[in-house]
Amino acid sequence: MKYPEYKQPLNYGQVGEDILAWWKEHGIFEKSVSSREGQPTFVFYEGPPSANGAPGIHHVMARTVKDIFCRYQTLLGKQVPRKGGWDTHGLPIELQVEKELGITKEDIGKKITVEEYNQRCRETVMRFKAQWDDLTEKMGYWVDLDDPYVTFEPEYIESCWALLKKLYDKGLLYKGYTIQPYSPAAGTGLSSHELNQPGTYRDVKDTTIVAEFEVKRDEKSEKLFVLADGLPVFITAWTTTPWTLPANTGLAVGKNIRYAVVRTFNPYTYEPQVLVLAKDLVRRYFLYLDIEGTGNEIGVGSGHLMIGAETSKHEVNGSVVETLNQEFRKALVGKDGKVLHWSVVGEFTGAELVGISYERLFGSEDGFPTFEGEERAFRVIPGDFVTTEDGTGIVHISPTFGADDFRVAQQNDIPALMVMDDQGKLSPIVDRTGRYVAQMGEFGSRWVKNYDGHDDTAADYRTLDVDISVRLKERSRAFKVEKYEHTYPHCWRTDKPVLYYPLDSWFIKTTAVKDRLIELNKTINWKPESTGSGRFGNWLENLVDWNLSRSRYWGTPLPIWRTQDGTEELCIGSIEQLKTEIDKAVAAEVMTHNPYANGEKVDLHRPYVDDIFLVSPSGLPMYRETDLIDVWFDSGAMPYAQWHYPIENGEKFQKNFPADFIAEGVDQTRGWFFTLHALAVMLEDSVAFKNVMANGLVLAKDGQKMSKRLGNAVDPFATIKQFGPDATRWYLIANAPPWDNLKFDPAGVTEVQRRFFGTLFNTYSFYALYANLDEFQTREFDRISQSDLSELDRWILSKLQSLIVEVRGHLDGYDPTKAARAIQDFVTDQLSNWYVRLSRRRFWKGELTADKRAAYETLQECLVVVAQLMSPIAPFFGEWLYKNMTAQASTSPPDPLSKKEGAPDMPQNLNFTAGSPLLGRGAGGEVAGTAPVASVHLTLLVEADTARIDAKLEERMELAQRISSLAHSLRKKSVLKVRQPLQRILVPVLNDSTKEQVGFVEDLICAEINVKHIEFLDDESGVLVKSVKPNFKRLGQQYGPRLKAVGARIQQMTAAEISKLEKEGSLAVEVDGQPITLAPDDVEIRTDDLPGWLVATDGPLTVALDVTLTDELRQEGLARELVNRLQNLRKDSGLEVQDKIRVTLADQQPELTAAVAAFGDYIRSETQALALTFAADVKGGSVLEFDDYSVPVHLEVATA
RNA sequence: GGGCUUGUAGCUCAGGUGGUUAGAGCGCUACACUGAUAAUGUAGAGGUCCGUGGUUCGAGUCCACGCAGGCCCA
């Protein structure tokens, strides 16, 4: 059987399709898992995609990453089960359905039943499943599509319930509140979706206050008081909702913002005070007056005193200065007749203010209620949302009425101001109708906004905001009160202002395990590392409890039933338990019958679970809490729920937990990565994954985000069809590390295809062509021994072993990009462009000698190993190459030496591990009862045979490559074509080892650049001119600041000095009048000039070319020309490579005749000419064009 | 606004622990080669290494502050 030969160009898309069909036919994916039965498991978790949209090219990226490492671990012999999954719940699906039906959330349960709605969601969510499955196959992503986990299935939901119950039993699931937009007039919370309706944000004029909070004098605040000269110190904060001030429990500053301490007077009471506010905002509240117009500014009065005053503005030194008209000067004079000067007396950063305590604004001594945790309240804390855009650069915090406030308060252990309501339940100071609770002292029962329909244009109408402002002014606690126009959200149904209000929510108490989350995160190998320590680490550091509640319909329902008063509750952990509880409820006549009594299929979705009522221990009915849970819980629960654990399959779960590896987009950091981690830590006190790759985005080639709207989205199907899956995958991986964003340019895929796959294909074709001609058979044993290989063979095999080490290292370290680039460089630069190019003659010359066999075996091994190494990244082409390389071999007679089962003996000189790549007999290829299947994906990856790595050999081959390159360059400069042989090149060498190294590869160099020999020039020759270059690294460490002078001195070294330094090992010189001693290591000696020769240099290497032409050289050049022309003629005439010819030349040119006389044998052997004769007259032939003349020629195929 | 991240040739990217002349591929130009040929070789053009300060004898590399793009969070 022969190696398959192909016409160019290869259709890579077709290769993908053919291999895919072959995989399917032989169940290769299944075998890649089943053949590893009993081996260690490599656990991989598939992050479930949602099939409600078409897959994009970025999915190919993410899945390529996943696939690479799963295939790689399989090659290492591990078993890698890959269960697929689908994420099926969540808001995007609901919104999609609502859009398609033309309804809103409000209509659910009215225009459409919940049952119908959810049915619609169920259908929608799998709409693109077929497309996804198709892409999965075509891109070569191996994942089990037949038995995926689906998050809407009852078993999956049941597992989620069981996990929730575990958390509940640990006390980690609790009911609390979050701050959400709320419409008191409508009595309902509003979603962000509703808030984004047009017209909800309107301009309104509200009373705003800059309030003053009096600082308590203690150790932390002493630094303020030392500046205050006995005056009270206040921190200022601005609010557009003064009604929230009585609920204030904290003040937030920006850590890096600078704050000024200002000595001034209260504008309403004229009491002297010291205020703190952001330095950048001082000018907003204090005027700089230039009374005399001199440009000398003095701070006078507080700004708002001048409201209505007539001032004129002009510029002084680039800043606007307001000048007060004379008659208003009096207004600035206080009661005691003094001018109200102000001045900045100090400055601090926000960080320096954190921890300072202050007095409550409306305290219990004034009739306001005390509250729990009060002793922890009224502190300055850092807030990441604080700016100096408006206000004072300090933000008033009321945890019950702001989402930021709530979060930052929780992080800093600031309590919320909550009071007991009639039923003994804790409640905020505003009730659900929008009015203060009765306990609020003088403001008790007041409406916070006009929710009761008062005529707010009436003269006696006073808002709560105004009354609070008045009270603060009286108490010298208001610095500035003014009407301010701003936009504020309004309820789209009632037109009344929205409040940010605490609404019930269920939480998982992730903060209880915060330290453990952080600790275990440090054991996870993140790629890139910064995502783990930065984005994820910071997120953990600022962790708040996980809000589970969603007021939605299509999702996993919260399995908690409660009595009306909330005093009794039950968390259900299984369908079995639910049935039991229903039976109890039926017995207590809370339900009429058990809907599941007769084994009916259980659907745990709404509305069915909402119709189940349970009975409490005290006999009261219990109703399900209507919330659904966050869909992220669904996906975070997949390590457990995919096996229906903990209901069953405990062993299976244990075996597959935690994951060795997961990979998703970096946008999942706070999504899936977090929920996996959080649940694993809380449930198992373990990480959920040991290695994780967060890949970046795939952008359009101009760096823009891909979007259908812009029309720059890349269609993955078209791409794969056009370029084939391998080039697509290779490009995605090799072009940039997966964690960087990738600019997807189809031209780049073309380049990969041409340069890498094209070169590799050419190399294979070359091999196949000649191996078939020679009927070369791969032999697993009795190969040419290492010592009989040529220098070049041993070199490329050494490089190959180095490549194995390198690729394994990169893949072990989860860096596929470096692996791909290493393979690419090996194939294009080393294998194709050096090994094959220099070995070409060995393949097509003569009989199948030992040397020729060595060349075949070497190239064969390289190609097979490359097929294996590339197969995780380019699974189809790797398979294609492997099959082509081994199909022929697998038909050879059984190897008599390999008698051990499953582990053929390897010849000693090759030292392959079991599952030799040479014959396609991977371990696992032998599935019981079937013939061996030669799939590269079933083999075991070769181990590098480090004994075959020869660093010296690799080094001297690099010398050969560089010397050849320099010689080519010199030929170019001298206009001497390579076909013209030259006598010698000159290479100066400064040490024997270089001389020896180059000597080994002299033949290669001579052949490559067509010279007769290399002449080494050493010191003995006396023609070397040495120059010297300072070794700055060494000198810098030694001489530091004097380096420049020393360097200059070294560059002036004379030949005598250089030689002295070399001979004596040191040289004393003088620099700036000071003696120093130079060592040989302080300088780099090179010979980059040969007087009288044209030289080329590359670093320390220098080459000169002897361009003298003798008659003999000329004749040989002519012979080569002739060979070349004849070869062209052969090719143009359509001759086969092995055809023999007879040649007749016109006897016209004496030079040519002389050349043929001298080199006839050479010409005949090169052109496979049986005869090469001259005739006076040549008819019916072609004409060979030489440089200076034309020669008629007749060529015929020799039949005998 | 905060966190993370990226910024090097026209394009895509390399540039351990600081070392003076910053590289590769593609593309472009010229020449050569012609039994791997839609390949290959040699040479050339092409750089304020995002900016500004700082540390240092020396900064693409370290530090600070910015600018621009991206992601996540607000």
Side-chain angles (χ1 to χ4, degrees), chain A residues 8-9 254-256 383-389 403-404 407-408 528 530-539 541-542 665-671 694 696-697 699 701-705 731 734-737 739-745 747-748 750-752 754-756 758-759 761-767 769-770 817-818 821 824-825 828-829 832-833 836-837 840-841 843-844 964-973 975-979 1008-1009 1029-1037 1039-1047 1096 1123-1125 1127-1128 1130-1131 1135-1137 1166-1168:
Chain A
Q8 296 206 50
K255 273 186 182 171
N256 299 321
D384 54 21
F385 50 86
V386 179
T387 70
T388 54
E389 291 291 301
D404 272 337
R407 179 174 54 87
V408 78
S530 60
T531 300
S533 57
R535 188 180 288 213
F536 195 68
N538 290 340
W539 163 252
E541 296 286 346
N542 294 309
V666 67
D667 53 337
Q668 296 288 333
T669 306
R670 293 171 184 186
L697 263 65
L699 306 170
K701 72 171 180 179
D702 56 359
Q704 294 284 310
K705 214 172 158 174
Y731 169 73
N735 194 59
W739 44 85
D740 280 350
N741 288 348
L742 174 82
K743 291 178 197 154
F744 189 96
D745 184 355
T750 310
E751 188 184 324
V752 161
R754 221 170 35 101
R755 184 156 176 79
F756 174 59
T759 306
F761 168 73
N762 273 340
T763 307
Y764 167 76
S765 295
F766 176 85
Y767 173 84
L769 173 67
Y770 292 108
T817 303
K818 288 204 166 117
R821 287 175 179 172
Q824 196 170 297
D825 289 348
T828 57
D829 296 346
S832 169
N833 204 22
V836 172
R837 196 155 58 81
R840 264 160 30 196
R841 292 178 65 83
F843 286 92
W844 49 263
S964 299
S965 174
L966 290 171
H968 278 303
S969 163
L970 289 170
R971 273 183 177 275
K972 160 79 183 159
K973 276 181 196 152
V975 200
L976 281 164
K977 51 181 69 172
V978 178
R979 232 179 275 127
E1008 169 66 10
I1009 59 175
K1029 188 180 163 237
N1031 180 347
F1032 286 100
K1033 191 164 183 167
R1034 246 186 85 89
L1035 294 168
Q1037 283 157 3
Y1039 298 106
R1042 297 167 64 201
L1043 177 100
K1044 266 185 185 149
V1046 176
V1123 167
N1124 167 246
R1125 300 301 188 276
Q1127 298 287 34
N1128 285 350
R1130 281 184 60 117
K1131 200 178 169 192
L1135 268 60
E1136 292 299 320
V1137 174
E1166 286 296 309
T1167 58
Q1168 303 185 64

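Numbers restart at 1 for each chain; the letters A, B, ... are given by sequence-line order, proteins then strands. Not measured: the values here are computed from a predicted model.
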| said: From the set B:rG19, B:rG35, B:rU42, return the single nucleotide nearest to any side-chain atom of A:S965. | reply: B:rU42
| Sequence neighbours excluded, which residues qualify as ring-ring contact (aromatic ring centres under 6.0 Å, His included) partners of A:Y764? | A:W880
| said: Please tell me if A:S530 has a side-chain N or O lying less than 4.0 Å from either OP1 or OP2 of B:rU5. | reply: yes
| request: Round to a whole Å and report the spacing from CG of A:N542 to P of B:rG2. | output: 14 Å
| task | Look at A:R535 and B:rG3 and indicate whether a side-chain polar atom (N or O) is within less than 4.0 Å of OP1 or OP2. | result | no
| request: Indicate for each nucleotide in nucleotides 6-14 of chain B, in 5' to 3' sequence, whether protein heavy atoms under 4.0 Å reach the base (B), only the sugar-phosphate (S), or nothing (-). | output: ------SSS
| message | According to salt bridge (charged side-chain N to carboxylate O under 4.0 Å, His left out), who are the partners of A:K818, at least two apart in sequence or on a separate chain? | response | A:D815
| field | Listed partners of A:D740 passing salt bridge (charged side-chain N to carboxylate O under 4.0 Å, His left out), at least two apart | value | none
| Residues that A:L970 engages under side chain to side chain contact (heavy atoms under 4.5 Å, CB included), provided they are two or more places apart | A:L1094, A:A1096, A:V1103, A:L1105
| query | Base, sugar-phosphate alone, or nothing: which one does A:N1128 contact when heavy atoms must sit under 4.0 Å apart? | reply | sugar-phosphate
| query | Side-chain N or O of A:N538 less than 4.0 angstrom from OP1 or OP2 on B:rG2? | reply | no
| task | Look at the side chain of A:D404 and decide which nucleotide, out of B:rG35, B:rU17, B:rA74, has an atom nearest to it. | result | B:rA74
| query | In B/S/- notation, 5' to 3', how is nucleotides 59-66 of chain B contacted by protein heavy atoms closer than 4.0 Å? | reply | --------
| request: Measure from CG on A:D829 to P on B:rG25 and round the result to the nearest Å. | output: 8 Å
| remark: Those residues at least two apart in sequence (or on a different chain) that pass salt bridge (charged side-chain N to carboxylate O under 4.0 Å, His left out) with A:R1034 are A:D1082
| query | Choosing from B:rG35, B:rC72, B:rA36, which nucleotide comes nearest the side chain of A:N1124? | reply | B:rG35
| Assigned partner base of B:rC65, Watson-Crick or wobble definition, under 3.5 Å | B:rG51
| task | State plainly whether the residues A:R755 and A:D829 are in salt-bridge range, i.e. N to O under 4.0 Å. | result | yes
| query | Does a side-chain N or O from A:T763 land closer than 4.0 Å to OP1 or OP2 of B:rA36, or not? | reply | no
| Mind checking what makes salt bridge (charged side-chain N to carboxylate O under 4.0 Å, His left out) contact with A:R840, not counting sequence neighbours? | none
| field | Residues which pass ring-ring contact (aromatic ring centres under 6.0 Å, His included) with A:F843, listed by chain and number, not counting sequence neighbours | value | A:F766, A:Y856
| Under 4.0 angstrom between A:S969 side-chain N/O and B:rA43 OP1 or OP2 | yes
| message | For A:S965, give me all partners under side chain to side chain contact (heavy atoms under 4.5 Å, CB included), at least two apart in sequence or on another chain. | response | none
| query | So which nucleotide from B:rA39, B:rG35, B:rA74 ends up closest to the side chain of A:N762? | reply | B:rA39
Sub-3.5 Å pairs of nitrogen or oxygen atoms, protein against nucleotides 55-57 of chain B:
residue : atom : partner : partner atom : Å
B:rC57  : N1   : A:G1040 : O            : 3.3

| Just by protein heavy atoms under 4.0 Å, how would nucleotides 26-31 of chain B read 5' to 3' in B, S and -? | SS---B
